[in-house]
2 protein chains.
Amino acid sequence: MATYDQLKRALKKEGLRYTQQRQYVWDELCATNDHRDAEEIYLAIHQSGLNVSRATVYRTIDVLVKNKMVRKLELGDGRARYEHKVNATHHDHLICIQCGKIEEFMDEVIESRQDEIVKKFGYKLVRHIHQLFIICSECESP
Amino acid sequence: MATYDQLKRALKKEGLRYTQQRQYVWDELCATNDHRDAEEIYLAIHQSGLNVSRATVYRTIDVLVKNKMVRKLELGDGRARYEHKVNATHHDHLICIQCGKIEEFMDEVIESRQDEIVKKFGYKLVRHIHQLFIICSECESP
DNA sequence: CTGCCTGCAAAATCTTTGCAAAATC
DNA sequence: GATTTTGCAAAGATTTTGCAGGCAG
C-alpha cells in the first residue's frame, strides 16, 4: 500500500506542497505491481472517479522517480513504463516482444561483472539498464 | 567502407529499388563508427553537399536495421542512435550521462548468464539491451 | 493572503505518413 | 511507360510548458 510518510518527506525535500492530486498519483502507482505507462496511470485514476490532469500525472511521476520511489523503464518504444519501489529489491526485466508481458530477474554474477567492467574503464557506474527481450512460453506455443 | 553488394542484396530481398538516396544514407552510416541519431545522419549527408530528405533517412534506416546492417540504440532519451554493423562483433554500451560519450564492452560471462536466466524461465531470447550509464573519467575529474 | 499548484491547451520533440512530382527498372 | 521513391509538409505520439484561476499553508 502507499506510504504517505514517504511521499510527504519527498515533497518536503523538494520544497513542494502535499496535494490531493499528488497523493492520487502515488496511490495509483502503488495500487499494482504492474509496469504501466503514464496514460494507463492517468486513465486508472479517472476510472477511480478521481480527477488529475495528464500534466500533473507527468509532473508528479517525475518527482517520484527523482526520489527513487518509482522506477522508470524505457523499453525503446517511446512510452516509458513505471513501477513503484515500495518493498522492492533491485531487479532487471524480461520483456515478451509478442504480448508485452514484463517479468523480473536478478543475477549477482551479472551485477558484479558490471562493476568490474566499469572499474576497468576507470569510470563510475551510476545506473544500468538490462533488458532481455524474449518470446514467452505462452506466445511460443499458444 | 560501405559495401554496396550488401545494400543491394538487402534492398532486393525487401523488394525495394536501389536508389542514390538510399546509398547516401548507407554511405553516411558507414562513414564513422559513431553512435549518431537520425538528425545527425541527415545533417552529415547535407554537409557532404548531397540532398536526402529526413523522411528518406528514416525510411532507409528502418530497412537497414531490419536487415541487421545497422543497429538501433535506444538510450531512453527519445532519440534513437544508430551504428553500422560492418565488421562489427557483438557488444553492449557504456554511456556517460554527462558528456554523452558512448563506449563499447563485451563480457562472455554476462552473455552466458543471460542465456541461462532465459532458459530457466523457459523462454526464448530474441535480443537484449545492456547499457551501463556512467560518469567517465574526463567528466569525473575535468 | 501569498504564492505554489492545477488544468487546459499549445508547444516541443522525434518519427511516420499522404500525396504529387520525379526517378528507377 | 508503369510503378516505386522521394520530398515536403502535415499528422502522430508522447511528453513538456505557459498561463490564468484555484487551493495549500
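Labels below follow one simple rule: chain letters A, B, ... track the order of the sequence lines, proteins then strands, and each chain is numbered from 1. In this text the structure is predicted, and so the values were computed from the model without any measurement. Heavy-atom basis, side chains included; hydrogens, waters and symmetry copies ignored.
- When the shell of 6.0 Å around NZ of A:Lys8 is examined, it contains more than 12 heavy atoms from other residues, nucleotides or ligands.
- Other residues, nucleotides and ligands place no more than 12 heavy atoms under 6.0 Å from the NZ atom of A:Lys12.
- Within the 4.5 Å cutoff, the side chain of B:Thr89 has no heavy atoms near those of the B:Met106 side chain.
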Provide a list of protein-nucleic acid N or O atom pairs under 3.5 angstrom, restricted to nucleotides 23-25 of chain D.
from   : atom 1 : to      : atom 2 : distance (Å)
D:dA24 : N3     : A:Arg17 : NH1    : 3.3

Can you pull every protein N or O that's under 3.5 Å from an N or O on nucleotides 12-14 of chain D?
from   : atom 1 : to      : atom 2 : distance (Å)
D:dT14 : O3'    : A:Gly78 : O      : 3.1

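- In the displayed structure, A:Lys119 atom NZ is contacted under 6.0 Å by at most 12 heavy atoms of other residues, nucleotides or ligands.
- Ring-plane geometry between A:His130 and B:His128 is classed as perpendicular, the angle between the planes exceeding 60 degrees on a 0 to 90 degree scale with a lower cut at 30.
- The backbone N or O of A:Thr56 sits less than 3.5 Å from a side-chain atom of A:Thr60, completing a donor-acceptor pair.
- Each of A:Lys68, A:Arg71, A:Arg36 was compared with A:Glu83 under the salt bridge (charged side-chain N to carboxylate O under 4.0 Å, His left out) criterion, and only A:Arg71 meets it.
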Self-check item: Per-nucleotide pairing state of DNA chain C [Watson-Crick or G-U, under 3.5 Å; [ ] pseudoknot-crossing; | other strand]
Solution: |||||||||||||||||||||||||
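- A salt bridge links B:Glu39 with B:Arg54: at least one charged nitrogen is closer than 4.0 Å to a carboxylate oxygen.
- Rounded to whole Å, the distance from CZ on A:Arg36 to C1' on D:dT15 is 19 Å.
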Exercise. Verify side chain to side chain donor-acceptor pair (under 3.5 Å) between B:Tyr42 and B:Asp37, making sure each step is shown before the conclusion.
Key: CA-CA 9 Å; B:Tyr42 168 79; B:Asp37 63 35; over 6 Å; no
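- Taking Ile, Leu, Val, Met, Phe, Trp and Tyr as hydrophobic and joining them when side-chain heavy atoms fall under 4.5 Å apart, one finds B:Val109 in a cluster with A:Val109.
- The footprint of chain B on DNA chain C, defined by a heavy-atom cutoff below 4.0 Å, extends from C:dC14 to C:dC25.
- Linking ILVMFWY residues whenever their side-chain heavy atoms come closer than 4.5 Å, directly or via other members, leaves A:Leu75 and A:Ile61 in distinct clusters.
- The stretch residues 48-56 of chain B touches DNA chain D through B:Asn51, B:Val52, B:Ser53, B:Ala55, B:Thr56, each having a heavy atom under 4.0 angstrom from the strand.
- The closest side-chain heavy-atom distance from A:Phe105 to A:His93 is not below 4.5 Å.
- Contact annotation: the side chain of B:His90 approaches that of B:Glu111 to within less than 4.5 Å [non-hydrogen atoms, C-beta and beyond].
- Considering only heavy atoms from C-beta on, B:Tyr123 stays 4.5 Å or farther from B:Ile117 through its side chain.
- Between the side chains of B:Glu28 and B:Tyr24, not a single donor N or O lies within less than 3.5 Å of an accepting N or O.
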